[in-house]
Amino acid sequence: MAGQHVALVDVDPHAPTEPEVTIPVFKRLCAPPGLATKRQLRARGLRPGGQGPVAEVETRGPRNGLLYEIAKARPVRPMTLAKEYALDKAMAARQTCGTCRKRYHFVLPTSLTSCLECHDGTPADPATYTPAPVAHQLAA
């Protein structure tokens, strides 16, 4: 190796290996017909169905909305009993006070770790929660 010059190449490890594909960006309310956002698809009872976004639409927020082809969209999968049970169980965990076990009709703040009645004594309206289950119901 003595006396041989080896050319060093500067390689950027973060450089894309393939050319970046850009999709068109449309102004607000100027998207062509046949394209819709996820919310618009959902309002029609559709979902993207595995297709990637074909365009973007500018929004007021920091991120652009992605547009999908309506013709390639698939119908929304129906809700099953198991899925409904799982969603109710997840919501129950967010709506139930860990101290008094009352389930409220709204999501409890995570910063308090309990309802306001248990946290600082603020009385809760009985119409906003369901009472805690009785001890013999929990054993079943």
Side-chain angles (χ1 to χ4, degrees):
M1 290 292 264
Q4 294 180 353
H5 292 293
V6 178
L8 296 176
V9 179
D10 186 22
V11 178
D12 183 7
H14 303 291
T17 56
E18 299 176 5
E20 293 183 24
V21 178
T22 58
I23 56 177
V25 179
F26 297 101
K27 297 278 186 196
R28 288 192 64 217
L29 305 174
C30 295
L35 299 180
T37 62
K38 281 186 180 180
R39 282 189 181 189
Q40 292 168 337
L41 287 175
R42 181 61 66 156
R44 294 178 179 204
L46 300 171
R47 61 185 170 95
Q51 66 170 315
V54 294
E56 293 183 15
V57 63
E58 290 181 355
T59 60
R60 294 181 181 157
R63 296 175 47 202
N64 287 342
L66 300 175
L67 295 172
Y68 301 89
E69 292 183 51
I70 296 173
K72 292 182 180 178
R74 295 185 179 159
V76 175
R77 294 185 197 112
M79 178 73 73
T80 63
L81 287 175
K83 193 174 188 180
E84 189 174 350
Y85 175 75
L87 290 173
D88 183 56
K89 192 174 176 183
M91 284 306 295
R94 298 178 67 198
Q95 295 172 336
T96 304
C97 174
T99 308
C100 65
R101 307 302 302 161
K102 293 178 186 172
R103 181 171 176 182
Y104 287 83
H105 302 298
F106 53 87
V107 176
L108 296 173
T110 56
S111 60
L112 301 180
T113 66
S114 64
C115 64
L116 284 176
E117 194 168 358
C118 294
H119 178 70
D120 62 3
T122 304
D125 181 14
T128 62
Y129 63 86
T130 54
V134 184
H136 65 79
Q137 290 178 339
L138 291 175

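What you see below is based on every heavy atom in this structure, not just the backbone, and it leaves out hydrogens, waters and symmetry mates. Here, residue 1 is the first one in the sequence, and each next residue gets the next number.
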For the student: nearest non-hydrogen atoms of C115 and C97, plus distance: N-SG, 3.4 Å
How is the hydrophobic cluster of M79 composed, in terms of its other members, when Ile, Leu, Val, Met, Phe, Trp and Tyr link through side-chain heavy atoms under 4.5 Å apart, directly or indirectly? L87
With sequence neighbours excluded, give me every salt bridge (charged side-chain N to carboxylate O under 4.0 Å, His left out) pair touching residues 99-118. D88-R103, K102-E117
Supply the members, apart from L81, of the Ile/Leu/Val/Met/Phe/Trp/Tyr cluster built from side-chain contacts under 4.5 Å; use none for a lone residue. none
Could you tell me the separation between the CG atom of L66 and the OG1 atom of T37, rounded to the nearest 0.5 Å? 9.5 Å
With sequence neighbours left out, write down each residue that passes side-chain contact (heavy atoms from CB on, under 4.5 Å) with S111, or none if nothing qualifies. P109
Pairs satisfying salt bridge (charged side-chain N to carboxylate O under 4.0 Å, His left out), at least one member in residues 31-40, at least two apart: none
Counting only pairs under 3.5 Å, give me each side-chain donor-acceptor contact of residues 56-65, with atom names and distances, residues two or more places apart or in other chains.
residue: E56; atom: OE1; partner: N64; partner atom: ND2; Å: 2.9
residue: T59; atom: OG1; partner: R63; partner atom: O; Å: 2.4

Interatomic distance, CG@L108 vs OG1@T113, rounded to 0.5 Å, equals 10.0 Å
Take atom CZ in F106; do more than 12 heavy atoms of anything else shown fall under 6.0 Å from it? yes
Residues in side-chain hydrogen bond (donor to acceptor under 3.5 Å, both in side chains) with T80, at least two apart? none
I'd like to check the side-chain hydrogen bond (donor to acceptor under 3.5 Å, both in side chains) partners of D125; sequence neighbours left out, ordered by chain and number. none
The side-chain contact (heavy atoms from CB on, under 4.5 Å) partners of R94 (sequence neighbours excluded) come to M91, V107
Could you list the residues that satisfy side-chain contact (heavy atoms from CB on, under 4.5 Å) with P32, not counting sequence neighbours? F26, L35
Scan residues 109-133 for pairs that pass ring pair (Phe, Tyr, Trp, His ring centres under 6.0 Å), counting only residues two or more places apart or in two chains. Y104-Y129
Restricting to side-chain contact (heavy atoms from CB on, under 4.5 Å), what partner residues turn up for I70, sequence neighbours left out? A36, L41, R44, L46
